[in-house]
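Data first, discussion second: the structure below is written as structure tokens.
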Amino acid sequence: MEHNYDLEKRSSGSVEKTPLDHSSSTDDVQVLEAREQYRFDAHDLDRVQRRLHQRHVQMIAIAGTLGTGLFLGSGKALNEAGPAGALIGYALVGTVAYSSLCAVGEMTSLAPISGTFPHFAARWVDPAFGFAVGWNYFYTNLMSVPVEITAATILITFWDANLSHQWIYTLVVVIIVCAINIFGVRWFGEAEFFFSIIKICLILGLILVGLIIDLGGGPDHERVGFRYWRNPGAFAPAGLVSNINTDKFLGFISVIVQAAFSFQGMELVAIAASETRSPRTNIAKAVRRVFYRIVVFYLLGILITGMLVPYDDPLLLSAANNAAQSPYVIAMTRAGIHTLPHIINAAIFTSAFSAGNSFLFCSSRILYGLALRGQAPKFFAKCTQSGLPIVSVLTCSAFALLAFMNVSSGAATVFNWFVSLSTVGGFFGWWGINITYLYFYRGLKAQGRDRKQLIYFSTLQPWLSIWGIFWTTLFILINGFEVFWDFNASGFLTSYINIPLFFGLWIFWKVYRRTKTWKPHQMDFTTGIPTVEETEEPIEPPTTIGGKIAAILF
């Protein structure tokens, strides 16, 4: 049903204000007041252009944010939780990440516009909630940029152990990452397409080689099987309490944050919706395929990892942070394979580089969306003629220089805090997405709209979002549990500072703007949202063999 209080009508490309009807209810007056405080229709201000193609979107969805969290972090997860604990931990976090992606995918299918889910939160929950979600997610992704750049430069120590050279490598990576984003979204799309192919080949190659080694196909012909699940065991103790069963459970809990860092950024594909050609169709395809990405890349990868190396292997405790720490490289070296580690390190380097590139793109678009609707200074919404939000990109690029903090041993401690803060901020992002979806679902139902008419919808909703809210709430509360056994102020601060920060942002905007939570019949599902005919291009079936193969892959 259409809103009887729709106060803005589009006419000849401009927004025309119409007076409120004298018969309007109190709710209508509140809607008018709220709309004066928050811009729903930023269409006339939005200058980004749809330059990402189907192949870009599909590859970004499949492998855009695969980084060191999976390739190197799996070794840390194995050491802390054991093979079964790591597998269960990654599976659990994977379901939560999937619930968030399904939720944002469905909302984007209705409204493929700049600002994505922070705008959805402001539009369908409360402008103050959207303000908190947006700035939290912006900050989370912004801090992830120097984290991934640092990971990329540390990987170079596999070939050059002279740490005095690290600042040079950091400078080169920062310049290239920033340049790709400054040149425009098309360059970003092509770079991510290329890097994603490398990452997919890497993870599939690692799984295949790991399986061959496990079955006795290595030069030593030693069959491993599930030997390490029996000895030293399937679960690793955390070493915090005397009760062995409780300690193993705590070891499993410890892997949650590591797994979350590996999954962080899966929703990037929805953030690129406003710059994607045929966004509804392409994002629907991408979201449907992410389930298989989780099963194959993450879960099968973690399973093979746990079969190759015991959780108490001393090399897993290495502080190298390069390919030498990877469980796959450890297994290959012991099996007598000496040529692949260098290739693996190079591929992991490109994955860290790519993840930093993706997080820079993501943070700049979130900042642009906030500025577009009055929740950040207006100058951040300035675009070039080609549709690049240049001020937002340059501002976020400047924060990439924080990667130089890791060159100094003293600043490295502060830098490690950023890693923890960005991971917990990611939990709040998923939490906000799922809460927004429940309001969205309730609003559509109250207004008699059939969400099954959308190009993408999930049959598991709203239960998926309820599942996501429950677990993200729990993750936020338990992520710093270790500090209660060995308390230190910095650990407690980095684990829990995001809680008062998020709710402080929420309360600040609510008091400052006197916002109200939207009631189901007040939610606006039409203003400023392009129609399907405006965004979706006609699908032309491929006629060549190459085109048909590309259609299956992308």
Side-chain angles (χ1 to χ4, degrees), residues 64-69 73 93 96-97 100-101 103-104 115-122 129-151 177 181 256-272 352 355-370 375-376 380 392-393 395-400 402-403 405 414-436 468 471-473 475-476 479-480 493-506:
T65 53
L66 283 179
T68 54
V93 177
V96 177
S100 305
L101 189 64
V104 76
T116 187
F117 67 86
H119 170 57
F120 301 155
F129 184 68
F131 178 83
V133 169
W135 279 100
N136 169 81
Y137 197 71
F138 164 71
Y139 152 82
T140 297
N141 283 272
L142 193 64
M143 289 299 101
S144 297
V145 176
V147 168
E148 292 292 351
I149 290 175
T150 297
V177 166
N181 278 270
I256 295 295
V257 173
Q258 173 60 45
F261 186 72
S262 302
F263 282 102
Q264 187 174 316
M266 290 183 69
E267 58 283 348
L268 169 64
V269 64
I271 293 169
N357 192 37
S358 296
F359 287 126
L360 179 54
F361 173 87
C362 186
S363 58
S364 65
R365 270 38 178 199
I366 292 293
L367 181 59
Y368 172 73
L370 289 169
Q375 294 189 326
F380 287 120
S392 291
V393 171
T395 301
C396 294
S397 296
F399 280 84
L402 289 174
M405 294 182 68
V414 179
F415 185 82
N416 289 330
W417 294 350
F418 290 158
V419 178
S420 298
L421 289 170
S422 65
T423 304
V424 181
F427 286 145
F428 270 104
W430 291 349
W431 185 75
I433 289 172
N434 285 297
I435 285 180
T436 302
W471 284 108
T472 48
T473 302
F475 293 165
I476 290 168
N479 83 90
L493 189 68
T494 55
S495 296
Y496 294 105
I497 189 62
N498 267 5
I499 296 177
L501 181 62
F502 181 89
F503 288 101
L505 288 169
W506 190 349

Counting only N and O atoms by type, is there a donor-acceptor contact under 3.5 Å from the side chain of W135 to the main-chain atoms of L367? no
Considering residues at least two apart in sequence or located in another chain, which fulfil the side chain to side chain contact (heavy atoms under 4.5 Å, CB included) criterion with S100? W430, I433, N434
F502: what forms a ring-ring contact (aromatic ring centres under 6.0 Å, His included) with it, not counting sequence neighbours? F428, W431
Using the rule given for side chain to side chain contact (heavy atoms under 4.5 Å, CB included), can you reason through N479 versus I256, listing the C-alpha separation, both sets of side-chain angles and the distance that settles it, and then say yes or no? CA-CA 7 Å; N479 83 90; I256 295 295; over 6 Å; no
Run the numbers on F475 and V93 for side chain to side chain contact (heavy atoms under 4.5 Å, CB included), then give the verdict. CA-CA 9 Å; F475 293 165; V93 177; 4.2 Å; yes
Run the ring-ring contact (aromatic ring centres under 6.0 Å, His included) test against F399 and tell me which residues pass, sequence neighbours left out. none
Closest contact, heavy atoms only, P146 versus A403: CB-N, 3.5 Å
Enter the distance from F361:CZ to N141:CG here, rounded to the nearest 0.5 Å. 11.0 Å
Is there a side-chain contact between F117 and T436, using heavy atoms and a 4.5 Å cut-off? no
Spacing of M143 atom CE and F138 atom CZ [to the nearest 0.5 Å]: 8.0 Å
Residues which pass side chain to side chain contact (heavy atoms under 4.5 Å, CB included) with T116, listed by chain and number, not counting sequence neighbours: V104, T108, P118, F120, A270, I271, I366
What pairs with N357 under side chain to side chain donor-acceptor pair (under 3.5 Å), at least two apart in sequence or on another chain? N181, E192
Nearest 0.5 Å, what's the CG-OH distance between N498 and Y139? 5.0 Å
Quick one, V96 with T472, criterion side chain to side chain contact (heavy atoms under 4.5 Å, CB included). Give me CA distance, side-chain angles, the key distance, then yes/no. CA-CA 7 Å; V96 177; T472 48; 3.5 Å; yes
Ignoring hydrogens and angles, tell me if any N or O in the side chain of S364 forms a donor-acceptor pair with the backbone of C396 under 3.5 Å. no
Between N136 (side chain) and A132 (backbone), is there a donor-acceptor pair under 3.5 Å? no
Of all heavy-atom pairs between A352 and E148, which one has the smallest distance, and what is that distance? O-CB, 3.6 Å
Any side-chain heavy-atom pair of S495 and V424 under 4.5 Å: no
Validation row: V145, I149 side chains within 4.5 angstrom (heavy atoms): yes
Residue set satisfying side chain to side chain contact (heavy atoms under 4.5 Å, CB included) with L493, at least two apart, ordered chain then number -> I497
Can the ring centroids of W506 and F131 be said to lie less than 6.0 angstrom from one another? no
Work out which heavy atom in G480 is nearest to a heavy atom in Y496; give both atom names and the distance. N-OH, 3.4 Å
Start with the C-alpha gap between F359 and L142, add the side-chain angles, then the distance that decides, and say whether side chain to side chain contact (heavy atoms under 4.5 Å, CB included) holds. CA-CA 7 Å; F359 287 126; L142 193 64; over 6 Å; no
